[in-house]
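Dropping the structure in here first, questions after.
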Amino acid sequence: AKADKAHEAEGGSSTGIIGTLEVVESDFSKGLAEMIAIEESAAASYDTESKENAIEKVTKEQDVTYKTKESASLDKAVADLTSDRAGVQSELDAVLEYLEKLKEQCVAKPETYEERKGRREAELAGLKEA
């Protein structure tokens with residue numbers, strides 16, 4: 001009977017060790033499941049962010065391409081308009097110069113007092129001689 005009791009005691013301690021090991025295994029399994037869930041969530045988040053970044057990168061590259069083309073066309077337009085403006089300005093200068101020449105010929109200038117006096121005296125002298 002004593003031998004049976006000794007075995008029972010040993011069986012109880014082995015149950016305690018096995019029970020402890022089962023608790024440790026349960027804790028490790030639970031921790032592993034949590035880590036796997038966290039890792040999968042992080043991986044999904046990373047994939048989503050990577051896809052969004054790739055789309056944004058392509059969009060920005062296209063924006064750069066289109067804006068570069070637009071900038072080049074605007075630079076060309078500025079150059080064309082600058083040369084057009086230079087030509088029109090030279091035409092305008094020539095027309096204004098011609099207008100000044102016409103004004104000199106067409107606009108009557110008032111005579112000064114000395115000019116009228118001299119002309120009148122010459123006229124009176126001509127009448128006295130006649």
Side-chain angles (χ1 to χ4, degrees):
K2 286 185 180 181
D4 289 336
K5 286 184 181 178
H7 287 296
E8 285 179 21
E10 288 177 15
S13 67
S14 70
T15 303
I17 292 174
I18 291 177
T20 304
L21 289 175
E22 287 174 351
V23 169
V24 169
E25 180 188 15
S26 169
D27 288 347
F28 279 142
S29 296
K30 187 167 110 178
L32 181 63
E34 287 176 4
M35 284 189 225
I36 289 173
I38 290 170
E39 182 64 28
E40 287 175 353
S41 171
S45 175
Y46 174 78
D47 289 342
T48 303
E49 189 72 26
S50 294
K51 288 176 185 176
E52 289 174 2
N53 288 343
I55 291 170
E56 189 173 347
K57 180 182 175 190
V58 169
T59 303
K60 288 183 179 182
E61 286 173 349
Q62 289 298 321
D63 284 349
V64 167
T65 302
Y66 293 133
K67 287 180 181 180
T68 302
K69 286 180 184 177
E70 183 180 1
S71 174
S73 68
L74 289 175
D75 287 344
K76 184 177 184 253
V78 165
D80 292 345
L81 293 174
T82 302
S83 66
D84 290 350
R85 182 183 178 277
V88 169
Q89 185 64 43
S90 65
E91 276 185 52
L92 177 63
D93 291 342
V95 167
L96 290 176
E97 183 181 333
Y98 183 69
L99 180 63
E100 286 300 316
K101 287 180 184 177
L102 286 178
K103 279 184 182 178
E104 290 175 9
Q105 294 173 358
C106 296
V107 175
K109 298 176 191 168
E111 292 180 290
T112 63
Y113 174 75
E114 287 79 24
E115 290 174 349
R116 282 185 288 160
K117 183 179 176 187
R119 190 172 43 98
R120 185 170 176 106
E121 286 176 0
E123 189 178 330
L124 286 175
L127 289 174
K128 284 182 183 179
E129 287 179 13

Ignoring hydrogens and angles, write down the donor-acceptor pairs under 3.5 Å from the side chains of residues 39-51, residues two or more places apart or on other chains.
residue: Thr48; atom: OG1; partner: Ala44; partner atom: O; Å: 2.9
residue: Ser50; atom: OG; partner: Tyr46; partner atom: O; Å: 2.9

How many angstroms lie between atom CG of Leu96 and atom CD of Glu91, to the nearest 0.5 angstrom?
11.5 Å

Mind checking what makes side-chain contact (heavy atoms from CB on, under 4.5 Å) contact with Glu115, not counting sequence neighbours?
Glu111, Thr112

Going through the checks in order, is the side chain to side chain contact (heavy atoms under 4.5 Å, CB included) test met by Lys60 and Lys57?
CA-CA 5 Å; Lys60 288 183 179 182; Lys57 180 182 175 190; 6.0 Å; no

Ile55 and its side chain to side chain contact (heavy atoms under 4.5 Å, CB included) partner, picked from Val58, Thr59, Asn53:
Thr59

How far does CG of Asp63 sit from CD of Glu70, to the nearest 0.5 angstrom?
11.0 Å

Taking Lys67's backbone N and O only, do any of them form a donor-acceptor pair with Ser71's side chain (distance below 3.5 Å, no angle check)?
no

Look up atom OH in Tyr113 and atom CZ in Arg120, then write down how far apart they are to the nearest 0.5 Å.
10.0 Å

How many angstroms lie between atom NZ of Lys128 and atom CD of Glu123, to the nearest 0.5 angstrom?
12.5 Å

Would you say the side chain of Leu102 lies within less than 4.5 Å of the side chain of Gln105, judging by non-hydrogen atoms?
yes

If you look only at distance, which donor and acceptor atoms sit under 3.5 Å apart when one is on a side chain in residues 17-30 and the other is two or more places apart or in another chain?
residue: Thr20; atom: OG1; partner: Gly16; partner atom: O; Å: 2.6
residue: Ser29; atom: OG; partner: Glu25; partner atom: O; Å: 2.9

